[in-house]
Amino acid sequence: MSRAERLVLDPIGCRGHGVCAELLPERITLDEWGFPLLAPGDLPAGLHRSARRAVAACPARALDLDVERH
Ligand code: SF4
């Protein structure tokens with residue numbers, strides 16, 4: 001069984017701290033107002049640990065990981 005992980009953002013809860021983009025620049029950039037833009041699609045295997053760190057560091061708990069099992 002394989003797992004696909006995908007970042008999901010709660011745009012209402014996000015307060016634009018930008019911590020997530022600092023911790024996971026490979027998948028998260030900030031728009032001109034400092035709000036995150038997530039790269040589409042599943043996380044590459046090598047980024048799962050960094051993604052978990054970014055989720056844990058979000059002070060607004062607005063970032064999460066969706067896990068899909070195939
Ligand atoms: S760390 Fe959380 S609150 Fe800050 S920009 Fe990222 S998702 Fe939004």
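Both ligands and their constituent atoms are indexed starting at 1 by order of listing.
For the residue pair Pro36 and Cys14, the shortest heavy atom distance occurs at CD-SG, 3.5 Å. Of all non-hydrogen atoms in Arg27 and Leu47, the two that sit nearest each other are CG-CD1, 3.7 Å.
Protein heavy atom closest to atom 3 (S) of ligand 1, with residue, atom name and distance, is Arg15 N, 3.3 Å.
Each protein N/O/S atom under 2.8 Å from atom 6 (Fe) of ligand 1 was counted, for a total of 1.
Note that CG of Leu7 and CG of Asp64 are 9.0 Å apart. Values are rounded to the nearest 0.5 Å.
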**Message:** Does Leu43 form a side chain to side chain contact (heavy atoms under 4.5 Å, CB included) with Leu65? I'd like the steps, not just the answer.
**Reply:** CA-CA 10 Å; Leu43 284 167; Leu65 270 177; 3.5 Å; yes

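In summary, Asp66 and Arg6 do not engage in a salt bridge, as defined by a charged side-chain N under 4.0 Å from a carboxylate O.
Residues Glu5 and Arg52 meet the side-chain proximity criterion, which asks for heavy atoms closer than 4.5 Å.
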